[in-house]
Amino acid sequence: MPLYQSQSLQIYNSLSGKKEPFEPLNEGYVGMYVCGPTVYSNVHLGNCRTFMSFDMIFRYLRHLGYKVRYVRNITDAGHLVDDAEDGEDKIAKKARLEKLEPMEVVQRYTVDFHTILEKFNFLPPSIEPTATGHIIEQIEIIKVILEKGLAYEINGSVYFDVAKFNEHHSYGKLSGRKLEDMIANTRELNAQDEKKSPQDFALWKKAEPQHIMRWPSPWGDGFPGWHLECTAMSTKYLGETFDIHGGGMDLKFPHHECEIAQAEASYGHSPVRYWMHANMLTMNGKKMAKSTGNNILPGEIFTGENSILSKAFAPSVVRFFMMQAHYTSILDLSNDALLASEKGYNRLMEAVDTLGSLETASKSDFDVTVWKQQCYDAMNDDFNTPILIAHLFEAVKHINLIKEGSEGISATDKELLKDTMEAFVFDVLGLERKGDGTDDSNMLSGVVELLIQLRMEARANKDFATSDKIRDQLAALGIQLKDGKEGTTFTVS
RNA sequence: GGCAUCGUGGCCGAGUGGCUAGGCAAGGCUCUGCAAAAGCUUGUACAGCGGUUCGAAUCCGCUCGAUGCCUCCA
């Protein structure tokens with residue numbers, strides 16, 4: 001029996017504003033679409049947080065036994081620098097600035113994106129489609145919307161008619177906006193603007209002669225609007241209605257609102273059952289964004305080459321830091337917070353490592369079965385990873401007590417504890433052991449074990465000058481010795 | 001200006017009517033040749049002001065502050 005049948009997952013649905021029991025469209029199967037990056041520059045840490053949240057969600061759904069089709073797109077066309085009439089495609093702009101073919105820009109930053117995500121131990125999505133690979137599908141959707149009379153063509157561009165759509169649908173229901181408020185608060189319509197109303201958005205944009213990225217269409221050469229690609233690709237791979245649509249909070253309006261409008265206009269019904277939005281990562285209290293310069297690249301964190309943090313941090317530490325906050329909360333990055341997370345992460349990992357070598361007793365002093373369900377309850381409550389981690393630290397405490405001999409654990413419970421810990425730490429949270437089994441670390445541990453032997457002999461002879469010298473000089477190299485009841489172990493910082 | 005969200009102990013962060021997470025840091029104790037590590041333990045926080053209630057950090061109102069969206073952004 002798959003796990004999901006015995007666990008009751010609740011998901012916060014941005015559309016209803018409530019936590020709802022998760023019931024997929026087809027039992028046992030989940031379709032999930034997440035808006036991926038626009039590959040016009042290096043992925044920054046804020047981007048990574050959103051994708052990491054959904055990576056965790058993907059992992060937990062799989063862990064529950066669902067067969068998940070996870071689609072995360074690559075936006076390689078159609079994303080304009082701004083909404084003005086002379087709006088330039090982000091990729092095309094970057095290509096012009098760097099004197100590259102647009103697809104060189106796309107290739108370069110797609111590779112960067114994948115490299116960084118791999119370091120963070122992301123699972124690859126089931127399908128990673130590109131906007132440029134689905135131009136035909138996008139054109140087909142535009143045709144349908146035009147036929148329904150909910151879009152209009154002007155000068156080779158096609159715009160979605162928001163006012164007309166709003167007559168029979170409700171535009172703004174996801175972001176909690178009313179069309180009349182939006183109209184009331186809009187700045188003066190630009191005189192050159194060819195749109196009927198500022199709220200209308202582009203489905204297809206005419207390509208000016210100098211525009212390199214262009215495709216033929218019934219309305220002339222041009223390129224698709226940004227919002228359309230997600231509708232085209234989610235429909236193609238997940239159907240007209242699918243279970244989960246995710247993305248960053250900042251995409252709620254207008255991007256996701258427009259997706260709903262496009263789908264409802266084309267198919268006559270709402271496309272998504274559960275809308276999920278991951279919150280922003282801030283730094284120094286401000287949103288991280290490429291446009292403001294308030295951002296840090298993951299690579300700069302891993303190497304320590306940045307002016308914000310005091311030292312380098314491993315990808316798993318950053319991941320742990322992010323998992324300590326709920327995905328719907330704003331999280332603020334700081335040096336102190338990362339330092340605290342690093343210590344917590346190390347303590348957790350050390351406990352996981354010692355788990356296997358614990359001695360067993362006839363009975364257990366803590367109820368592993370109850371604890372295990374508490375872990376599931378935390379995750380079932382809208383993927384509450386901070387609560388899960390709190391429970392994991394409960395287990396850490398018990399593991400250390402058992403190691404010291406203050407508590408006991410039965411052989412069966414030990415197996416259960418080990419399996420559960422490893423499932424949540426590695427499979428669900430996606431953390432990784434550091435320094436596992438490489439040749440270098442094997443050689444290092446051999447050398448350190450030798451020094452530990454020498455130090456023990458010195459201590460036995462009460463030659464504390466020698467024993468302390470070994471300990472202190474190893475410490476200076478970042479190797480910490482720990483004297484326990486069972487002998488001396490070490491950690492590398 | 002409009003629409004949202006949020007304001008929790010030294011720091012980071014859960015919780016959303018009574019039982020009041022967790023991590024890091026700090027103090028005390030145990031262990032130790034001394035340390036470190038580990039364990040035990042202490043600290044009683046919810047922006048302010050009103051209101052509802054037997055009881056509110058949690059609900060309502062107002063004030064102040066922060067952030068996000070309203071134009072591209074994960």
Side-chain angles (χ1 to χ4, degrees), chain A residues 17 34-38 40 43-54 79-84 87-88 90 93 172 175-178 181-182 184-187 198-199 226 246-255 257 277-282 285-292 295 320-321 324-326 328-345 347-348 350-351 354 374 378 381 384-394 396-397 399-401 403-407 459 462-464 467-468 471-472 475 480-485 488-491:
Chain A
V34 173
C35 295
T38 303
Y40 69 104
V43 62
H44 73 252
L45 194 64
N47 297 312
C48 293
R49 186 190 179 200
T50 297
F51 302 129
M52 195 179 288
S53 297
F54 288 102
H79 200 159
L80 301 186
V81 174
D82 57 50
D83 197 32
E88 195 174 3
K90 283 190 170 184
K93 182 182 179 187
S175 52
R177 289 156 206 253
K178 292 195 176 77
D181 291 343
M182 285 185 243
N185 290 310
T186 312
R187 301 170 202 117
Q199 281 69 43
W226 173 41
M249 200 74 101
D250 50 355
L251 296 185
K252 214 170 175 182
F253 187 91
H255 184 58
E257 206 71 74
H277 288 96
N279 217 323
M280 299 293 102
L281 179 70
T282 60
K286 296 278 183 194
K287 179 185 167 185
M288 236 183 238
K290 288 170 198 166
S291 53
T292 59
N295 71 73
F320 181 73
F321 162 72
Q324 275 185 300
H326 193 250
T328 57
S329 298
I330 292 172
L331 175 63
D332 193 55
L333 179 87
S334 67
N335 195 54
D336 286 352
L338 276 177
L339 284 170
S341 289
E342 184 174 52
K343 293 202 174 182
Y345 165 80
R347 205 158 82 87
L348 178 64
E350 279 170 37
T354 54
Q374 287 174 334
D381 184 14
N384 200 325
T385 52
I387 296 288
L388 168 68
I389 290 171
H391 290 309
L392 296 182
F393 275 105
E394 279 298 309
V396 168
K397 192 169 170 177
I399 289 166
N400 286 327
L401 283 168
K403 187 182 164 192
E404 298 243 324
S406 312
E407 280 191 5
R459 290 175 72 198
K462 303 233 184 276
D463 179 6
F464 296 124
S467 68
D468 286 355
R471 184 180 70 198
D472 295 344
Q480 188 186 53
L481 300 188
K482 299 173 186 178
D483 296 334
K485 286 212 163 52
T488 303
T489 57
F490 73 97
T491 53

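Worth saying up front: this structure is predicted, and the values here are computed from it rather than measured. Just so it is clear: chains get the letters A, B, ... in the order the sequence lines come, proteins before strands, and each one is counted from 1.
- Ionic pairing of A:Asp483 and A:Arg459 is present here: one or more N-O contacts between side-chain nitrogen and carboxylate oxygen are shorter than 4.0 angstrom.
- Sequence order on RNA chain B of the closest nucleotides to A:Leu339 and A:Met288 puts A:Leu339 first from the 5' end.
- Per the geometry, NE2 belonging to A:His255 stands 17 Å off C1' belonging to B:C70, to the nearest Å.
- Applying side-chain contact (heavy atoms from CB on, under 4.5 Å) to A:Val396 and the options A:Leu348, A:Leu401, A:Thr354 leaves one that passes, A:Leu348.
- A donor-acceptor pair under 3.5 Å links the side-chain atoms of A:Thr282 to the main chain of A:Leu331, judged by distance alone.
- Atoms CG (A:Leu251) and P (B:U71) sit 15 Å apart, rounded to a whole Å.
- Here the CG-NZ distance, from A:Asn295 to A:Lys286, works out to 15.0 Å after rounding to the nearest 0.5 Å.
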Check your understanding: Could you write nucleotides 39-44 of chain B as a row of B, S and -, 5' to 3', where a protein heavy atom under 4.0 Å of any base atom gives B, of only sugar-phosphate atoms gives S, and otherwise -?
Key -> SS----
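- Taking atom NE2 of residue A:His277 and atom P of nucleotide B:G68, one finds them 17 Å apart after rounding to whole Å.
- Side-chain contact between A:Met249 and A:Thr328: absent, with no pair of heavy atoms (C-beta onward) separated by less than 4.5 Å.
- Comparing the same atom, C1', in B:G9 and in B:A47 gives a spacing of 14 Å after rounding to whole Å.
- Taking atom C1' on both nucleotides, B:A37 is separated from B:A74 by 40 Å, rounded to a whole Å.
- For the C1' atoms, the distance linking B:G7 with B:G43 amounts to 23 Å, nearest Å.
- Within the 4.5 Å cutoff, the side chain of A:Pro37 has no heavy atoms near those of the A:Asn47 side chain.
- The backbone N or O of A:Ser175 sits less than 3.5 Å from a side-chain atom of A:Glu257, completing a donor-acceptor pair.
- Listed by chain and residue number, nothing satisfies the ring-ring contact (aromatic ring centres under 6.0 Å, His included) test with A:His44 (two or more places apart in sequence, or in another chain).
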Check your understanding: What one-letter contact string describes nucleotides 4-15 of chain B from 5' to 3', where B marks a base within less than 4.0 Å of any protein heavy atom, S marks contact via sugar-phosphate atoms alone, and - marks no contact?
Key -> --------SSSS
Review point. Given A:Phe393 and A:Arg347, is the side chain to side chain contact (heavy atoms under 4.5 Å, CB included) satisfied, shown in steps?
Key: CA-CA 9 Å; A:Phe393 275 105; A:Arg347 205 158 82 87; 3.8 Å; yes
Practice item. Give the B/S/- string for nucleotides 31-36 of chain B, one per nucleotide from 5' to 3', where a protein heavy atom under 4.0 Å of the base yields B, of only the sugar-phosphate yields S, and otherwise -. Key: --BBBB
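- Within the structure, a side-chain polar atom (N or O) of A:Lys286 is placed less than 4.0 Å from OP1 or OP2 of B:U67.
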Exercise for review: Using a 3.5 Å limit on both pairing distances, list the dot-bracket string of RNA chain B from the 5' end; Watson-Crick and G-U wobble pairs count, crossing pairs take [ ], interstrand pairs take |.
Suggested key: ((((((((.[[[)....(...]]].(((((.......)))))....[[[[[..)....]]]]])))))))....
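- B:U71 and B:C64 have their P atoms separated by 26 Å, given to the nearest Å.
- Across B:U8 and B:A57, the matching P atoms stand 15 Å from one another, rounded to whole Å.
- Taking both residues in full, the closest heavy atoms of A:Pro386 and A:Gln324 are given as CB-O, 3.2 Å, listed atom of the first, atom of the second, then distance.
- Rounded to whole Å, the P atom of B:U20 lies 35 Å from the corresponding atom of B:U63.
- B:C40 and B:G51 have their C1' atoms separated by 44 Å, with the value rounded to a whole Å.
- Residues forming a ring-ring contact (aromatic ring centres under 6.0 Å, His included) with A:Phe320 (at least two apart in sequence, or on another chain): none.
- Counting heavy atoms from C-beta outward, A:Ile387 and A:Asp381 have side chains that stay 4.5 Å or more apart.
- Side-chain contact between A:His326 and A:Asn384: present, with at least one pair of heavy atoms (C-beta onward) separated by less than 4.5 Å.
- Nucleotides B:U67 and B:G27 are separated by 34 Å at their P atoms, to the nearest Å.
- Atom CD of A:Gln374 and atom CD of A:Glu394 lie 8.0 Å apart (nearest 0.5 Å).
- Of the listed nucleotides (B:U67, B:G2, B:A21), B:G2 has the atom at the smallest distance from the side chain of A:Arg177.
- Nucleic acid contact class of A:Met249 (heavy atoms, under 4.0 Å, all strands): none.
- A salt bridge links A:Glu350 with A:Lys482: the distance from a Lys NZ or Arg NE/NH1/NH2 to an Asp or Glu carboxylate oxygen falls below 4.0 Å.
- The distance between atom CD of A:Gln199 and atom P of B:G2, rounded to the nearest whole Å, is 18 Å.
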